[in-house]
Structures are given as C-alpha cells and as structure tokens.
Amino acid sequence: MSYAKDEIIAKANTPFTKFYIIHSGALKTFVTTPDNNQQINGFYLPGDIVGLDSISTKIYNNNIQSLTNTLVCELYYDELMSLVDTQKNVRDMVFNLLSSSINDYQKLVLCYSQKKADERLATFIYSLYRHYEQRGHSSLNIKLMMSRADIANYLGLKIETISRNLSKLQEKNILSVRGKYIFIKNLNALIDLGN
C-alpha cells in the first residue's frame, strides 16, 4: 500500500487488525494529549514493523502517520501468527523486534529522565545510525525523514534547542548538517556524548 506524506494510516483506539511493514519512507506514532497536542512516541524506518504494541490491547494504542510518501506491506495479525507458529525464522524475527522495541523504550525513558539536551540529541542521531547499519547501510551520511519539530517533540525539547545543539555538534566537528542530511564526522565522539 502507498501512503502520501502526512496521511493518517491508523487512528488510536480503533480495532487493531494489521501490522505495517515499511518498505520505503517513514512513519511516526503519536498520541493526542488532553490539551489536543501531539506527543510523538516513535519513528519507524524501512524494515520496521509498526503495530506490535497493539497485540495485547487489540486496539491501536497510537495514531500512525506517514512522514514522507511511504510504501508499506500490510500484514494481518492472524497471518503473522500463523507464520510464527510454522516458521522459526519469522518467530525469531518477531521476538527480536519486540525485544528491540522494549529496549528502545527503556533507552528513551532513560534519555528523558537523566540526559541533557545535547546528550539526548546525540543518542537520537546515533540510534538512527545504528538502525540503518543493522539494515546493511554502513554510511555515516543519514537522511532525517522527520522534521526538527518532530525530533524536538519526541525528545521532549524545544525546536530552538535542537537547532542550537546541532550547531554545537558542528562546531565540535562531530557532525555536519545540510538540510535533512547529517554526516557523522566523529562517530566515537557522538557515542561518548550520548553515553
């Protein structure tokens, strides 16, 4: 299925029926707060499966929206479960994805509670690098599929703080930024700052 930029793919609190496996493009998940603001709680890139958190609740826990023109494979829950029952490699993949999601969530909670703004941003950029690396792209050049406003929302920061810290990371020669592209010039320094 093809979705246009900013299209809502699934709405929170509607019945959960299927997962979305990203082929190209990117998705975000968010909830709407009582004061009618968005709180982003996830970014998903090619190779990711979106909707795993809905297995236990049987409803979509988040709104799912495309960040760019996005191509996804839609996989119904029952289809995936039958594959999990019969194919060890699919079962292993699902468990790895669930484990990664839990791990990412724990890191995000730690990031919010204990890290300064520049450390949060460094952790986020490094996580994007690792995501691409795990899918076979070892380039230090990363394209941001999400806006700076979305990154700020996700990290619990202001957009000005994101821009200021990107400038600081450039001044320290850790990375360079050109529009939506970030080139990591010193991976070890980025990792150190995020830790």
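Positions are given from 1 along the sequence.
Side chains of Asp118 and Asn165: no donor on one and acceptor on the other come within 3.5 Å. Defined by atom type and a distance below 3.5 Å, a donor-acceptor pair is missing between the side-chain atoms of Ser139 and Asn141. The closest side-chain donor-acceptor pair between Asn153 and Gln38, if any, does not fall under 3.5 angstrom.
Every pair passing ring-ring contact (aromatic ring centres under 6.0 Å, His included) that includes a residue from residues 17-41 is listed here, sequence neighbours excluded: Phe16-Phe19.
With rounding to the nearest 0.5 angstrom, the CG atom of Leu71 is 6.0 Å from the OG atom of Ser2. Rounded to the nearest 0.5 Å, atoms CG (Asn13) and CG (Asn62) are 9.5 Å apart. Rounding to the nearest 0.5 Å gives a distance of 6.5 Å between CD1 of Ile159 and OG of Ser147. Lys18 contributes atom NZ, which lies 4.0 Å from atom OH of Tyr76 (distance to the nearest 0.5 angstrom). Separation of atoms CG (Leu128) and OG1 (Thr123) is listed at 11.0 Å; rounding is to 0.5 Å. The distance from atom CD1 of Ile64 to atom OG1 of Thr29, rounded to the nearest 0.5 Å, is 7.0 Å.
Residues forming a side-chain hydrogen bond (donor to acceptor under 3.5 Å, both in side chains) with Asp85 (at least two apart in sequence, or on another chain): none.
The minimum heavy-atom distance linking Ser127 with Phe124 is given by the pair OG-O, 2.6 Å. When all heavy atoms of Lys11 and Asn63 are compared, the closest pair comes out as CA-OD1, 3.5 Å. Heavy atoms only, all atoms of each residue included: Ile151 and Phe43 are closest at N-CZ, 4.2 Å. Heavy atoms only, all atoms of each residue included: Asp53 and Thr57 are closest at O-OG1, 4.3 Å. The minimum heavy-atom distance between Val31 and Asn61, with the atom names listed, is CG1-O, 3.7 Å. Nearest heavy atom pair, residue Ala26 against residue Leu45, reads CB-CD2, 3.8 Å.
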Worked check of side-chain contact (heavy atoms from CB on, under 4.5 Å) between Ile9 and Gln65: CA-CA 6 Å; Ile9 294 171; Gln65 183 177 22; over 6 Å; no

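Tyr77 carries Lys58 over the face of its six-membered ring, with the cationic atom under 6.0 Å from the centre and within 45° of the normal.
Under a 4.0 Å N-O distance rule, the pair Arg130/Glu133 qualifies as a salt bridge. Ion pairing of Lys28 with Asp6 is absent here, as no side-chain N (NZ or NE/NH1/NH2) approaches a carboxylate O to less than 4.0 Å.
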Let me check something: any side-chain donor-acceptor pairs from residues 184-195 under 3.5 Å, sequence neighbours excluded? List them with distances.
unit_1, atom_1, unit_2, atom_2, d
Lys185, NZ, Asn173, OD1, 2.8
Asn186, OD1, Asn188, N, 3.4
Asn186, OD1, Ala189, N, 3.0
Asn195, ND2, Ile191, O, 3.3

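Other residues, nucleotides and ligands place more than 12 heavy atoms under 6.0 Å from the CZ atom of Phe183.
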